[in-house]
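Heavy-atom basis, side chains included; hydrogens, waters and symmetry copies ignored. All of these numbers come straight from a predicted model, not from anything done at the bench.
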Amino acid sequence: MDYMEINISFDGDFKNCPDDGWFQAIAEKTLAAEKTDDNAEMSLLITGQERIQQLNKAYRNQDKPTDVLSFALLADAAETAFSAPPDGLKHLGEVIISYPQAEMQAQEHNHPVRKELALLVIHGVLHLLGYDHMEDAEADIMETKQNKILRSLKEALE
């Protein structure tokens with residue numbers, strides 16, 4: 001990877017939440033696994049239930065909390081060939097994760113919160129890269145990629 005800028009923000013003080021370096025490593029490893037070699041930039045926001053519910057309602061017309069939202073800035077990788085941004089970075093978009101939702105889902109699945117958070121980061125980044133799960137075939141591809149990347153992160157999840 002040439003250069004990767006990952007901006008991480010926390011909208012709240014979440015007990016036992018990993019630090020920004022941990023989240024950065026997960027996002028970088030996901031991008032590297034997908035061979036995102038171009039100079040790229042993305043944002044990651046860790047927030048609470050109220051804010052993610054507001055965003056879910058505003059952008060997906062779903063008035064309920066969710067675990068992860070992704071807002072991709074590039075609809076198609078071919079768009080980057082048309083005009084390069086002045087800073088030379090490919091702006092991928094933003095991933096927003098609800099930390100309380102990740103805690104609940106980790107408890108439901110009986111695994112560590114770090115594993116759930118990693119899965120949500122991976123899932124969100126894959127959406128930024130154009131993957132989706134609306135059709136069964138797409139869902140199978142995305143799930144396979146998520147699981148492969150998750151297995152490669154074993155030491156970061158313990």
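To the nearest 0.5 Å, atoms CG (L150) and CD (Q146) are separated by 8.5 Å. Between atom CG of residue D132 and atom CD1 of residue I141 there is a gap of 11.0 Å, rounded to the nearest 0.5 Å.
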### Query
Could you walk me through whether I122 and L153 pass the side-chain contact (heavy atoms from CB on, under 4.5 Å) check?
CA-CA 11 Å; I122 294 164; L153 299 171; 3.8 Å; yes
### Task
Please test E34 against Y131 for side-chain contact (heavy atoms from CB on, under 4.5 Å), starting from the C-alpha separation and ending with a verdict.
CA-CA 11 Å; E34 285 302 301; Y131 293 97; 2.6 Å; yes
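Counting only heavy atoms from C-beta outward, the side chains of H111 and K115 approach each other to under 4.5 Å. Side-chain contact between R114 and P18: present, with at least one pair of heavy atoms (C-beta onward) separated by less than 4.5 Å. You'll find the side chain of V95 reaches within 4.5 Å of the side chain of V68, heavy atoms only. A 4.5 Å side-chain heavy-atom check between W22 and C17 finds every atom pair outside the cut-off. Taking 4.5 Å as the limit, some side-chain heavy atom of L69 sits within range of a side-chain heavy atom of I52. Contact of the M42 side chain with the E94 side chain is not registered, since no non-hydrogen atoms from C-beta on lie closer than 4.5 Å. Inter-residue side-chain proximity for H123 and M142 is flagged as met; some heavy-atom pair is nearer than 4.5 Å. Using a 4.5 Å heavy-atom cutoff, the side chains of E116 and H109 are in contact.
Across all non-hydrogen atoms, the minimal contact from Q49 to P100 is CG-CB, 3.8 Å. Shortest non-hydrogen contact noted between L128 and S70 is CD2-CB, 4.2 Å. Across all non-hydrogen atoms, the minimal contact from L117 to F23 is CD1-CZ, 4.0 Å. Residues G48 and S98 share a closest heavy-atom pair of C-OG, 4.0 Å. Across all their heavy atoms, E41 and S43 have their closest contact at OE2-OG, 3.6 Å.
Following chains of ILVMFWY side-chain contacts shorter than 4.5 Å, one cannot reach L120 starting from F71, and the two form parts of different hydrophobic clusters. No path of Ile, Leu, Val, Met, Phe, Trp and Tyr side chains, each step under 4.5 Å between heavy atoms, connects L92 with L45, placing them in separate hydrophobic clusters. No continuous path of hydrophobic side-chain contacts links M104 to V121 [ILVMFWY only; heavy atoms under 4.5 Å].
Under a 3.5 Å cut-off, the side chain of E143 and the backbone N or O of D140 do not form any donor-acceptor pair. Without hydrogens or angle criteria, Q24 side chain to D20 main chain gives no donor-acceptor distance under 3.5 Å. Distance alone, capped at 3.5 Å, is enough to place a donor-acceptor pair between the N56 side chain and the K64 backbone.
Of the candidates I97, I96, I26, N7, I97 is the only one forming a side chain to side chain contact (heavy atoms under 4.5 Å, CB included) with L44.
At most 12 heavy atoms of other shown residues, nucleotides or ligands fall within 6.0 angstrom of atom CD in E50. Heavy-atom neighbours of Q62 CD from other residues, nucleotides or ligands within 6.0 Å: above the threshold of 12. Atom CG of N61 has 12 or fewer heavy atoms from other residues, nucleotides or ligands within 6.0 Å.
Aromatic ring centres of Y99 and F10: separated by at least 6.0 Å.
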